[in-house]
Amino acid sequence: MSNYLNNEATASTEIPRNENEVENANQTGLEKPAFDPIKRIEKGFQFFKINEFNKYPDYYRQLAEKQEPKFLMFACSDSRVSPTNILNLRPGEAFMNRNIANLVPAFNKLRYSDIGAIIEYAILALKVEVIVVIGHSRCGGIQRLLSLPDKKTSYDFIDDWVSVAKPAKEKVISKHPHASGEELQTLVEKESVMNSLVNLLSYPYVRTGLADKKLKLIGGYYDFVCGKFEILAVDSDIKPTIDI
Amino acid sequence: MAEDYSFDEAIEGLKKLLSENGAFEAVAAAKIKQLTADLEVASAKEVKPVERIKSGFAHFKTEKYEKNPDLFEELGKGQSPKFMVFACSDSRVCPSHILDFQPGEAFMVRNIASMVPPYDKTKYSGTGAAIEYAVLHLKVENILVIGHSCCGGIKGLMSIPDDGTTHSDFIEDWVKICATARSKVKAECGDLELTEQCSKCEKEAVNVSLGNLLTYPFVKEAVLNRTLTVKGGYYNFLNATFDVWCLDHGISPPLSV
């Protein structure tokens with residue numbers, strides 16, 4: 001089983017997917033072939049079944065009995081930043097939440113039961129060992145946060161949701177009053193990761209896990225413009241943003 | 001930047017202690033030797049998360065990012081995924097694996113039991129924001145909600161006692177989003193084993209979520225305008241199958257009577 005988790009194990013033996021598949025899916029030119037979602041789903045599942053599921057039957061049989069992921073990961077819903085892709089994860093490695101701008105709001109039973117349920121289940125039922133929050137470049141959610149307040153356009157949900165990261169925006173603006181444009185956005189994207197890590201501390205199971213040294217928190221940042229992945233913080237670097 | 005070196009440092013420290021203090025009593029020396037051995041076993045099993053993240057990214061960078069420069073240059077400018085996908089947070093069912101979604105293809109929400117709650121600005125702003133962004137801003141063409149076998153969230157839903165008492169802070173309140181699926185299964189298949197009831201509930205819950213999608217006005221409008229389709233899916237990892245079905249929703253032309 002450990003061989004299968006080795007990154008190099010599958011690289012050379014993969015049956016290649018249709019080389020043009022990915023290009024077609026993102027094509028915006030004039031002669032774009034008609035997109036058939038059912039065919040795309042069928043092709044995708046068959047690729048997985050042939051190249052993964054059928055090739056490693058013992059691994060998948062064990063996985064079917066139970067999952068024991070070591071990681072809980074928070075990543076943006078953005079189609080370009082799936083941790084499975086960018087960190088080459090294998091099935092069974094990471095329990096995951098994907099939401100707009102990879103935000104972790106503070107403990108709130110009324111407003112954020114989706115996030116609370118994930119953290120509660122991951123720590124208490126699955127006993128994950130590491131929580132990772134991954135921010136990324138050119139995040140639409142953070143961009144929207146920076147454009148607020150917006151007198152012209154209002155949304156039912158988006159503006160309220162991205163405001164979870166408002167403390168990060170305010171901290172960056174006060175520390176870097178002359179930052180603007182992409183530089184400002186990058187600073188806020190990274191500070192928002194730190195803000196989410198601090199918010200994790202508002203969950204009692206996270207605090208207990210850290211105190212018992214059974215849990216580790218990591219902040220990461222994926223820059224797909226430069227092709228870089230940065231570790232922003234690990235554990236003890238995380239301090240609340242309150243300045244007294 | 002902090003690195004994970006707790007085990008290695010401890011082992012080194014202990015070894016140093018032993019080698020520098022030849023005068024240690026036999027008992028103390030033996031204890032230190034045992035501690036070192038235990039630490040070395042634990043260290044071998046230890047997840048080294050930072051290293052795992054770094055090596056994983058390095059693999060992606062060389063095998064995908066650097067081999068497809070045109071694609072990633074385009075993606076850097078913007079995304080235009082054809083799909084919005086709801087999938088369970090379960091580590092075994094990531095659509096990037098099971099449907100081989102590549103960067104740029106699918107806007108994704110992962111939550112416990114891949115549930116779509118009904119429109120509610122107070123209780124479900126995260127889900128609402130994701131759907132709103134996907135439909136109005138990205139203009140995705142398909143929303144796909146994928147349920148799966150052996151779902152812990154659905155099992156939790158089916159295990160809530162009939163008097164409704166809950167023991168968790170969040171989990172049970174969250175999975176109750178699909179309470180109608182549970183009621184339906186209990187009413188129609190109450191005689192079946194719990195595992196079979198759970199299997200049926202896993203699929204029924206997807207249908208509840210598909211119905212809940214229509215409570216979002218922007219989804220309903222796009223479906224009626226035929227710019228958006230809503231689909232359900234079910235991944236069974238016990239027998240390696242994937243089922244997909246469509247939600248039919250339209251308004252037929254009026255008939256004059």
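Just so it is clear, the model here is predicted, and its values are computed rather than measured. The chains referred to below are lettered A, B, ... by the order of the sequence lines, with proteins before strands, and numbering in each begins at 1.
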S.K.: Should B:Phe60 and A:Leu87 be marked as a side-chain contact (heavy atoms from CB on, under 4.5 Å) after you check the CA-CA gap, both sets of side-chain angles, and the distance that decides it?
M.R.: CA-CA 6 Å; B:Phe60 161 74; A:Leu87 299 180; over 6 Å; no

S.K.: Against chain B, work out which of A:Pro37, A:Pro105, A:Pro204, A:Ser137 has the most heavy-atom pairs shorter than 4.5 Å and name it.
M.R.: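 Greatest number of close heavy-atom pairs with chain B: A:Pro37.
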
S.K.: At a 4.5 Å cut-off on heavy atoms, which part of B:Tyr65 comes close to chain A: side chain, backbone, both, or neither?
M.R.: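 It is the side chain, since no backbone atom gets that close.
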
S.K.: Is it the side chain or the backbone of B:Lys121 that comes within 4.5 Å of chain A heavy atoms, both, or neither?
M.R.: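 Answer is both: backbone and side chain atoms of B:Lys121 are under 4.5 Å from chain A.
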
S.K.: Regarding B:Ser91 and A:Gln67, do their side chains bring together a donor and an acceptor under 3.5 Å, going by distance alone?
M.R.: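 The answer is yes; a qualifying pair exists.
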
S.K.: Show the nearest heavy-atom pair for residues A:Ala64 and B:Leu238, with the distance to one decimal.
M.R.: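 Closest approach of A:Ala64 to B:Leu238: CB-CD2, 3.9 Å.
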
S.K.: Using a 3.5 Å distance criterion without hydrogens, assess whether the side chain of B:His97 forms a donor-acceptor pair with backbone atoms of A:Leu89.
M.R.: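 Between the backbone of A:Leu89 and the side chain of B:His97 there is a qualifying donor-acceptor contact (under 3.5 Å).
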
S.K.: Which atoms of A:Val132 come close to chain B, meaning under 4.5 Å heavy atom to heavy atom: side chain ones, backbone ones, both, or neither?
M.R.: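 Only the side chain of A:Val132 comes within 4.5 Å of chain B.
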
S.K.: Would you compute the distance between atom CZ of A:Phe48 and atom OG of B:Ser96 and round it to the nearest 0.5 angstrom?
M.R.: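 Result: 11.5 Å between the selected atoms.
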
S.K.: With a 4.5 Å heavy-atom cut-off (strictly below), which parts of residues 110-122 of chain A touch chain B? List them by number.
M.R.: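 Near chain B, by residue number: A:Leu110, A:Arg111, A:Tyr112, A:Ser113, A:Asp114, A:Gly116, A:Ala117, A:Ile118, A:Glu120, A:Tyr121.
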
S.K.: Given the options A:Asp156, A:Leu124, A:Asp78, A:Ile41, which has more heavy-atom pairs under 4.5 Å with chain B than any of the others?
M.R.: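 Looking at each option in turn, the highest pair count goes to A:Asp156.
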
S.K.: For A:Leu103, is it the side chain, the backbone, both or neither that has a heavy atom under 4.5 Å from a heavy atom of chain B?
M.R.: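 When you check distances to chain B, no heavy atom of A:Leu103 falls under 4.5 Å.
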
S.K.: Determine the interplanar angle of the B:Phe57 and A:Tyr222 rings, folded into 0 to 90°, and report it as parallel if under 30°, tilted if 30 to 60°, perpendicular if over 60°.
M.R.: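 It falls in the perpendicular class, over 60°.
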
S.K.: For the CD atom of A:Gln46 and the CG atom of B:Leu99, what is their distance to the nearest 0.5 Å?
M.R.: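 A:Gln46 atom CD to B:Leu99 atom CG measures 11.0 Å (nearest 0.5 Å).
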
S.K.: Which one wins on heavy-atom pair count under 4.5 Å against chain B: A:Ser82, A:Ala94, A:Cys76?
M.R.: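 That would be A:Ala94.
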
S.K.: Counting heavy-atom pairs under 4.5 Å with chain B, which one of A:Ile100, A:Leu72, A:Asp159 comes out on top?
M.R.: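 Highest number of heavy-atom pairs under 4.5 Å: A:Ile100.
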
S.K.: Taking atom types as modelled, is there a side-chain donor on B:Asp169 or A:Tyr203 under 3.5 Å from an acceptor on the other?
M.R.: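 Note: B:Asp169 and A:Tyr203 side chains miss the donor-acceptor criterion.
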
S.K.: Between A:Lys49 and chain B, with a heavy-atom cut-off of 4.5 Å, which part of the residue counts as in contact: side chain, backbone, both or neither?
M.R.: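 Only the side chain of A:Lys49 comes within 4.5 Å of chain B.
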
S.K.: Need one label for B:Tyr216: side chain, backbone, both or neither, based on atoms under 4.5 Å from any heavy atom in chain A.
M.R.: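 The side chain, not the backbone.
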
S.K.: Can you pull the side-chain hydrogen bond (donor to acceptor under 3.5 Å, both in side chains) pairs that have at least one residue in residues 236-247 of chain B, sequence neighbours excluded?
M.R.: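 Every side-chain hydrogen bond (donor to acceptor under 3.5 Å, both in side chains) pair that includes a residue of residues 236-247 of chain B, provided the two are not neighbours, is B:Asn207-B:Trp245, B:Asn236-B:Asn239, B:Asn239-B:Thr241.
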
S.K.: Looking at every non-hydrogen atom in both residues, tell me the closest pair between B:Pro49 and A:Lys216 and how far apart they are.
M.R.: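 Closest approach of B:Pro49 to A:Lys216, heavy atoms only: CG-CD, 3.6 Å.
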
S.K.: Decide if atom NZ of B:Lys123 counts as having more than 12 heavy atoms of other residues, nucleotides or ligands within a radius under 6.0 Å.
M.R.: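 Check fails, neighbour count at 12 or below.
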
S.K.: Any side-chain to backbone donor/acceptor pair from B:Ser89 onto A:Phe95? Under 3.5 Å, distance only.
M.R.: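 Flag not set: sc B:Ser89 to bb A:Phe95 has no pair under 3.5 Å.
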
S.K.: Heavy-atom distances under 4.5 Å only: say whether A:Asn108 touches chain B with side chain, backbone, both or neither.
M.R.: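 Only the backbone of A:Asn108 comes within 4.5 Å of chain B.
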
S.K.: Using a cut-off of 6.0 Å, state whether more than 12 heavy atoms not belonging to B:Lys220 lie near its atom NZ.
M.R.: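 It does not: B:Lys220 NZ has 12 such atoms or fewer within range.
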
S.K.: Can you confirm if the aromatic rings of A:Phe107 and B:Phe170 lie within a centre distance of less than 6.0 Å?
M.R.: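 Yes; A:Phe107 has its ring centre under 6.0 Å from that of B:Phe170.
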
S.K.: How many angstroms lie between CZ in A:Arg98 and CZ in B:Phe107, if you round to the nearest 0.5 Å?
M.R.: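 If I round to the nearest 0.5 Å, the distance is 8.5 Å.
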
S.K.: Measure distances from B:Leu144 to the heavy atoms of chain A and classify the residue's part below 4.5 Å as side chain, backbone, both or neither.
M.R.: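 Side chain only.
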
S.K.: Quick check against the 3.5 Å criterion: does A:Asn99 have a side-chain atom that pairs as donor or acceptor with the backbone of B:Gly126?
M.R.: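 Absent.
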
S.K.: So for A:Leu63, is it side chain, backbone, both, or neither that comes closer than 4.5 Å to the heavy atoms of chain B?
M.R.: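 Interface part for A:Leu63: both.
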
S.K.: Looking only at heavy atoms, what is the nearest atom pair of A:Gly227 and B:Lys61, with distance?
M.R.: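 Shortest heavy-atom contact: O-NZ, 2.9 Å.
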
S.K.: Which answer fits B:Val109, side chain, backbone, both or neither, if we ask what part of it has an atom under 4.5 Å from a heavy atom of chain A?
M.R.: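 B:Val109 touches chain A through backbone and side-chain heavy atoms alike.
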
S.K.: Would you mind telling me which of A:Val225, A:Ile86, A:Asn97 has the largest number of heavy-atom pairs within less than 4.5 Å of chain B?
M.R.: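 Among A:Val225, A:Ile86, A:Asn97, the one with the most close pairs to chain B is A:Ile86.
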
S.K.: Could you look at B:Ala240 and say if it's the side chain, the backbone, both or neither that has a heavy atom under 4.5 Å from chain A?
M.R.: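 Contact with chain A is through both the backbone and side chain of B:Ala240.
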
S.K.: Step by step, work out the side-chain contact (heavy atoms from CB on, under 4.5 Å) result for A:Arg40 and B:Phe83.
M.R.: CA-CA 10 Å; A:Arg40 173 61 190 85; B:Phe83 288 95; 3.8 Å; yes

S.K.: Measure A:Asp160 against the heavy atoms of chain B and call it side chain, backbone, both or neither at under 4.5 Å.
M.R.: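 For A:Asp160, the contact with chain B is made by the side chain alone.
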
S.K.: For the pair B:Tyr124 and A:Trp161, evaluate side-chain contact (heavy atoms from CB on, under 4.5 Å) and give the outcome as yes or no after the intermediate values.
M.R.: CA-CA 9 Å; B:Tyr124 305 120; A:Trp161 172 252; over 6 Å; no

S.K.: Check whether B:Asp173 gets within reach of chain A through its side chain, its backbone, both or neither, counting any heavy atom under 4.5 Å.
M.R.: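 Neither part.
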
S.K.: If we ignore angles and hydrogens, is there a donor and acceptor under 3.5 Å between the side chains of A:Ser79 and B:Gln79?
M.R.: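 The answer is yes; a qualifying pair exists.
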
S.K.: Before you tell me yes or no, could you show the steps for A:Phe157 and B:Ile131 under side-chain contact (heavy atoms from CB on, under 4.5 Å), namely the whole-Å CA-CA distance, both residues' side-chain angles and the distance that decides it to 0.1 Å?
M.R.: CA-CA 9 Å; A:Phe157 295 97; B:Ile131 299 172; over 6 Å; no

S.K.: Return the minimal non-hydrogen interatomic distance between B:Glu132 and A:Ile158, and the atom names on each side.
M.R.: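 Reported closest heavy-atom pair: OE1-N, 3.0 Å.
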
S.K.: Got B:Glu63 and A:Asn88 here, is their nearest side-chain heavy-atom distance under 4.5 Å?
M.R.: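 With C-beta onward as the side chain, the pair stays apart.
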
S.K.: If you round to the nearest 0.5 Å, how far is CZ of B:Arg110 from OG1 of A:Thr84?
M.R.: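 With rounding to 0.5 Å, OG1 (A:Thr84) is 6.0 Å from CZ (B:Arg110).
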
S.K.: Do the side chain of A:Arg138 and the main chain of B:Gly78 share a donor and acceptor less than 3.5 angstrom apart?
M.R.: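 Flag not set: sc A:Arg138 to bb B:Gly78 has no pair under 3.5 Å.
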
S.K.: Looking at the rings of B:Phe218 and A:Tyr155, which for Trp means the six-membered one, are their centres under 6.0 Å apart?
M.R.: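 No; A:Tyr155 has its ring centre 6.0 Å or more from that of B:Phe218.
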
